[in-house]
Amino acid sequence: MKKITPICLLLALTVAGCQSDEQATNQSPTQNAEVIAQHKQGLAKQLSTSYADIEQTLKSQISDQNLTISLSTLLIEEPESSFTQQMYKADTSIRTMKGVSAYTDELLEVRLADKSMVQEWKDGMSPLFAFEPKGDDESWQYIEAYDIYGQLHQLDAYKMPDVPVFVVDNNSAKELKAGLQAMKAEMQKLGQPAVIQGDSDTVQQTQLKSSFGTSSASPISTTAIKKIRLADDEEPWISGKAEVYAIVTGVNPSRDEPTLDLIEMPYLDYDNKDYYPNQIAIHWSRYRWGAADMILMEQDDGTDYKELAKLLVKVAEEVLKMIPDPEVQAYAIIPQITGKIIAAIPDGLLVNDDDYVDVYYTLMQDTSYVDHPGAGGNAIATFEPLTISPTRP
């Protein structure tokens, strides 16, 4: 088994990838989604015919505790495999179409669909090789998958298969992290600086950041998510874990401009399960009137994150421009911004309308909400006010 990736291979693949990048930038988001699905279909078929060559590598890397093998691992372990080469080219193109090339070096991976399949597969059962179809997942009638002979099979879209299935897909956690970074950077370019409330923003870390090196720092007023549960994460089996994030909407405290913050929620993997993140969601110093809305979203395979950022800013700014005196309507403006964002998101930038999970309207400063349902009834969350004091000397 080869352990070193030949430089000539990487150079050749980079040139090919750059050519596909140039083509990708000239396509619409809908066209990009179709191309991404085509890439994954081609990879699934290629994997089916290349499986015998890389089977031992897959079995050495995949286990009950780790169901995936990354592109970078395949480049090290199987650099001359035709599947690895095709995967590298596709990954370069997909990262460009999603606008995240500057924020992650890879997206694609091969994933065994469920840990219940590991033992049968390692005992010799032949696997199938699948990919996520394009379009709205509610319209999926079946999942296409290839066997080791390259023959096509149709699987139930919503029932876990009873045979091992490998899925060629994006690493959704990497994609979401990179996507939110791309959105933040694009918002800053547009004059709307955003904050990403990541999973590292626990109470202790936020307190440390706020008070380090300051002897007279003021307390920080925040609202934290103490508990959250989703009734339906909108994910069929082939999509793996859900990757949920939130958009907090409000109005700038000093200017008549929107404030849009992003919340990374990497813990929220499955529906019908309680999570207790103690995650800070709202820094109230960034919002006027002590009120904000929060939209829960699930990432979509066809998202162009730079274009999504532009859309969010454009829609929010247009709402405020239509209101001559925001102070008259006060925080009643905020649901108008939120509603316009929700209405605009499915229109071509996100392929699956299901990406909208739920929304919380008018979360108020210094207010507790216990087992509070979202407007759509899909999310139940407990929010608590949290004042973070400066670190004592």
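Along the sequence shown, the residues carry numbers beginning at 1.
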Point to revise | Pair Tyr360-Tyr369, ring pair (Phe, Tyr, Trp, His ring centres under 6.0 Å): steps then yes or no | key: CA-CA 11 Å; Tyr360 284 95; Tyr369 301 88; 8.2 Å; no

Point to revise | Steps toward side-chain contact (heavy atoms from CB on, under 4.5 Å) verdict (Leu43, Leu108) | key: CA-CA 10 Å; Leu43 286 169; Leu108 287 174; 3.7 Å; yes

Check your understanding: Going through the distances and angles, do Lys115 and Asp64 end up as a salt bridge (charged side-chain N to carboxylate O under 4.0 Å, His left out)?
Key -> CA-CA 5 Å; Lys115 66 179 181 180; Asp64 292 342; over 6 Å; no

Point to revise | Stepwise side chain to side chain donor-acceptor pair (under 3.5 Å) check, Gln141 with Gln154 | key: CA-CA 9 Å; Gln141 297 179 349; Gln154 294 181 347; over 6 Å; no

Check your understanding: What do the steps show when you test Lys273 against Leu230 for side-chain contact (heavy atoms from CB on, under 4.5 Å), and what is the final call?
Key -> CA-CA 7 Å; Lys273 179 179 178 180; Leu230 299 181; over 6 Å; no

Point to revise | side chain to side chain donor-acceptor pair (under 3.5 Å) assessment of Trp284 paired with Thr223 | key: CA-CA 8 Å; Trp284 287 110; Thr223 288; 2.9 Å; yes

Check your understanding: Can you check side-chain contact (heavy atoms from CB on, under 4.5 Å) on Leu262 and Met183, steps first, answer last?
Key -> CA-CA 9 Å; Leu262 308 169; Met183 288 173 66; 3.8 Å; yes

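Annotation: the span from Gln299 atom CD to Glu175 atom CD amounts to 4.0 Å, rounded to 0.5 Å. Rounded to the nearest 0.5 angstrom, Lys314 NZ and Leu190 CG are separated by 11.5 Å. The line from CG of Leu386 to CD1 of Ile225 is 12.5 Å long, rounded to the nearest 0.5 Å. Atoms CD1 and CE, on Ile247 and Met297 in that order, are 5.5 Å from each other to the nearest 0.5 Å.
Residues Ile280 and Tyr276 do not share a hydrophobic cluster, clusters being chains of Ile/Leu/Val/Met/Phe/Trp/Tyr side chains in contact below 4.5 Å. Under a hydrophobic clustering in which Ile, Leu, Val, Met, Phe, Trp and Tyr are joined whenever their side-chain heavy atoms come within less than 4.5 Å, directly or via other members, Val357 and Leu311 fall into the same cluster. A chain of hydrophobic side-chain contacts below 4.5 Å, direct or via other Ile, Leu, Val, Met, Phe, Trp or Tyr residues, connects Tyr275 to Tyr245. Note: the hydrophobic cluster containing Leu112 also contains Tyr270 (ILVMFWY, side chain heavy atoms under 4.5 Å, direct or indirect links). When the side chains of ILVMFWY residues are joined at heavy-atom separations under 4.5 Å, either directly or via intervening members, Val163 and Leu58 end up in a single hydrophobic cluster.
In this model, a donor atom of one side chain and an acceptor atom of the other lie less than 3.5 Å apart for Glu317 and Gln192. For Asp123 and Gln119, the side-chain atoms include at least one donor-acceptor pair closer than 3.5 Å. Side-chain polar atoms of Ser82 and Gln46 form a donor-acceptor pair below 3.5 angstrom. For the 3.5 Å distance criterion, the side chains of Asp261 and Tyr287 qualify, holding a donor opposite an acceptor. Between Thr57 and Glu78, the side chains place a donor N or O and an acceptor N or O closer than 3.5 Å (distance only, hydrogens not considered). In this model, a donor atom of one side chain and an acceptor atom of the other lie less than 3.5 Å apart for Gln365 and Ser221. In the model, Gln279 has no side-chain atom that pairs as donor or acceptor with a side-chain atom of Glu264 under 3.5 Å. A side-chain N or O of Thr249 and one of Thr338 form a donor-acceptor pair less than 3.5 Å apart. Between the side chains of Asn252 and Glu257, not a single donor N or O lies within less than 3.5 Å of an accepting N or O.
In plain terms, the two heavy atoms of Asp156 and Trp237 that are nearest each other are O-NE1, 2.9 Å. The two residues Ala194 and Lys184 come nearest to each other via the heavy atoms O-CE, 3.4 Å. Counting all heavy atoms, side chain and backbone alike, Ile282 lies closest to Ala292 at CD1-CB, 4.3 Å. Scanning all heavy atoms of the two residues, the minimum distance from Arg95 to Asp91 falls at NE-OD2, 2.8 Å. For Arg286 against Pro253, the heavy-atom pair with the smallest separation is O-CD, 3.3 Å.
Salt-bridge formation is not detected for the pair Asp371/Lys226: no Lys NZ or Arg NE/NH1/NH2 atom is positioned less than 4.0 Å from an Asp or Glu carboxylate oxygen. The residues Lys321 and Glu318 are annotated as not salt-bridged, no charged nitrogen and carboxylate oxygen being separated by less than 4.0 angstrom. Look at Arg229 and Asp271 and you find no salt bridge, because none of the NZ, NE, NH1 or NH2 atoms lies under 4.0 Å from a carboxylate O. Electrostatic pairing of Asp304 and Lys98 does not count as a salt bridge here, judged by no charged N lying under 4.0 Å from a carboxylate O. Look at Glu327 and Arg288 and you find a salt bridge, because one of the NZ, NE, NH1 or NH2 atoms lies within 4.0 Å of a carboxylate O, short of that distance.
Among pairs with a residue in residues 300-344, none fulfils ring pair (Phe, Tyr, Trp, His ring centres under 6.0 Å), at least two apart in sequence or across chains. Among pairs with a residue in residues 47-73, those fulfilling ring pair (Phe, Tyr, Trp, His ring centres under 6.0 Å) read Tyr51-Phe129, at least two apart in sequence or across chains.
Counting heavy atoms from C-beta on, the side chains of Ile341 and Ile295 come closer than 4.5 Å. Looking only at side-chain heavy atoms (C-beta outward), Lys310 and Met187 stay at 4.5 Å or farther from each other. Here the side chains of Thr68 and Val110 are not in contact, with every heavy-atom distance at 4.5 Å or above. Inter-residue side-chain proximity for Asp105 and Ser72 is flagged as unmet; no heavy-atom pair is nearer than 4.5 Å. Using a 4.5 Å cut-off on side-chain heavy atoms (C-beta onward), Ile54 and Leu47 make contact. Put simply, the side chain of Phe83 reaches to within 4.5 Å of the side chain of Leu74, judged on heavy atoms. Under the 4.5 Å side-chain criterion, counting only non-hydrogen atoms from C-beta, Ser218 is not in contact with Pro390. In this structure the side chain of Leu155 reaches within 4.5 angstrom of the side chain of Leu128, judged on heavy atoms.
In this view, Lys59 and Glu55 satisfy the salt bridge (Lys or Arg N to Asp or Glu O under 4.0 Å) rule, not counting sequence neighbours. In this view, Thr73 and Gln61, Ile69, Ser70, Glu77 satisfy the side chain to side chain contact (heavy atoms under 4.5 Å, CB included) rule, not counting sequence neighbours. Residues that satisfy the salt bridge (Lys or Arg N to Asp or Glu O under 4.0 Å) test with Glu120, not counting sequence neighbours, are absent from this structure.
Although no hydrogens or angles enter the test, the distance criterion places a donor-acceptor pair under 3.5 Å between the side chain of Thr96 and the main chain of Thr92.
Here the options are Ile337, Ile342, Ile334, the test is side-chain contact (heavy atoms from CB on, under 4.5 Å), and the partner is Asp293; only Ile334 passes.
Other residues, nucleotides and ligands place more than 12 heavy atoms under 6.0 Å from the NZ atom of Lys174. The environment of NZ in Lys122 is crowded: more than 12 heavy-atom neighbours from other residues, nucleotides or ligands sit within 6.0 Å.
Hydrophobic clustering, defined by side-chain heavy atoms of Ile, Leu, Val, Met, Phe, Trp and Tyr closer than 4.5 Å, groups Leu152 together with Phe131, Tyr146.
With ring centers used as reference points, Trp121 lies under 6.0 Å from Phe166.
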